[in-house]
Colleague: 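Take a look at this one; I'll ask things after.
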Amino acid sequence: MDDQPTPETDAAETKPNMEWYVLKVQSNREKSIKTSLERRIKRENMEEYFGEIVIPTQKIRETKPGNKTRVVEQKLFPGYMMIQMELNDDTWYLVRDTTGVGDFTGAAGKPIAMRPDEVKAMLGEDEAGEKIPEAEPVNKIDLAVGEMVKIKEGSMEGFEGT
């Protein structure tokens, strides 16, 4: 019997067995761990048991002195990533044995899948499963309590305060 997927095999057919799980990983190494996981999945020929691997981020607009602005991606949950997979002994071992992966989140060592509403929120989908248009970057303002500010636009333009 041939284990290779046929052209008629639709990816949606393999998705019902897959659920989303949260992985604890080494902080600031999320991208390299994701790459390592993807490489191991391919090397072990286990692509059929895995879906997406996501590092949740949001875009932040930073304003630097001199009115220079730039948009950067900031991790929403540093030290965590989400993985879509079919959980069995082989897949669990492959993920847990990857360098940098701590463990799955869950109770008593048993991974607990994410709820569907959590998955939709993480993937930026509405209740019907439609993609929500990407939001404008969030403004990041580095201010401390007591710092002097001057309003540049709007009805209070020109006013200063602390």
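By convention here, the first residue in the shown sequence is residue 1.
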Colleague: With side chains defined as the heavy atoms from C-beta onward, is the minimum distance between Glu52 and Trp20 less than 4.5 Å?
Modeller: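 When only atoms from C-beta onward are counted, Trp20 and Glu52 do touch, with a gap below 4.5 Å.
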
Colleague: State, with a plain yes or no, whether a side-chain heavy atom of Phe104 is found less than 4.5 Å away from one of Leu23.
Modeller: yes

Colleague: How about Tyr80 and Lys24: do any of their side-chain heavy atoms sit closer than 4.5 Å?
Modeller: yes

Colleague: Could you tell me whether Tyr49 atom OH has more than 12 heavy atoms of other residues or ligands within 6.0 Å of it?
Modeller: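 No.
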
Colleague: Can you tell me if Thr91 uses its side chain to pair, donor with acceptor, with the backbone of Glu86 under 3.5 Å?
Modeller: yes

Colleague: Enter the distance from Lys120:NZ to Met114:CE here, rounded to the nearest 0.5 Å.
Modeller: 12.5 Å

Colleague: Quick check for you: to the nearest 0.5 Å, what is the distance between Gln84 atom CD and Ile53 atom CD1?
Modeller: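 One gets 10.0 Å once the value is rounded to the nearest 0.5 Å.
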
Colleague: Quick one: pull up CG in Asn88 and CE in Met46 and give me the separation to the nearest 0.5 Å.
Modeller: 5.5 Å

Colleague: Sort and list the pairs that fulfil salt bridge (Lys or Arg N to Asp or Glu O under 4.0 Å) and have at least one residue in residues 88-102, not counting sequence neighbours.
Modeller: Arg40-Asp97, Arg96-Asp103

Colleague: Backbone N or O of Gly100 within a donor-acceptor pair of the Gln26 side chain at under 3.5 Å?
Modeller: no

Colleague: Would you call Glu47 and Lys42 a side-chain contact if the rule is heavy atoms closer than 4.5 Å?
Modeller: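 The answer is yes; the side chains approach within 4.5 Å.
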
Colleague: Show the nearest heavy-atom pair for residues Met81 and Lys34, with the distance to one decimal.
Modeller: CE-N, 3.9 Å

Colleague: Do you reckon Val54 sits in the same ILVMFWY cluster as Leu76, going by side-chain contacts under 4.5 Å, direct or chained?
Modeller: yes

Colleague: When you compare the side chain of Lys59 with that of Glu73, does any pair of heavy atoms fall below 4.5 Å?
Modeller: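 A side-chain contact exists here, since the closest heavy-atom pair is under 4.5 Å.
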
Colleague: Between Lys75 and Ile55 (side chain of the first, backbone of the second, donor and acceptor by atom type, cut-off under 3.5 Å), is there such a pair?
Modeller: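 Not confirmed, Lys75 side chain does not pair with Ile55 backbone.
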
Colleague: Restricting to salt bridge (charged side-chain N to carboxylate O under 4.0 Å, His left out), what partner residues turn up for Arg70, sequence neighbours left out?
Modeller: Glu62

Colleague: Treat each ILVMFWY residue as a node, draw an edge where side-chain heavy atoms are under 4.5 Å apart, and state whether Trp92 and Ile41 are in one component.
Modeller: yes

Colleague: Do Lys110 and Ile112 come within less than 4.5 Å of each other through their side chains, counting heavy atoms only?
Modeller: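 Counting from C-beta outward, Lys110 and Ile112 never come under 4.5 Å.
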
Colleague: Report the residue from Thr99, Leu37, Val101 that forms a side-chain contact (heavy atoms from CB on, under 4.5 Å) with Val25.
Modeller: Val101

Colleague: Find the distance between NZ (Lys150) and CE (Met148) and round it off to the nearest 0.5 Å.
Modeller: 10.5 Å

Colleague: Judged by atom type as modelled, is there a donor-acceptor pair below 3.5 Å linking the side chain of Ser36 to the main-chain atoms of Ser32?
Modeller: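 No, because the side chain of Ser36 does not come within donor-acceptor range (under 3.5 Å) of the backbone of Ser32.
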
Colleague: If the condition is salt bridge (charged side-chain N to carboxylate O under 4.0 Å, His left out), which residues does Glu118 pass it with, not counting sequence neighbours?
Modeller: Arg115

Colleague: Could you report the tightest heavy-atom contact between Glu30 and Gly79, atom names first, then the distance?
Modeller: OE2-N, 2.6 Å

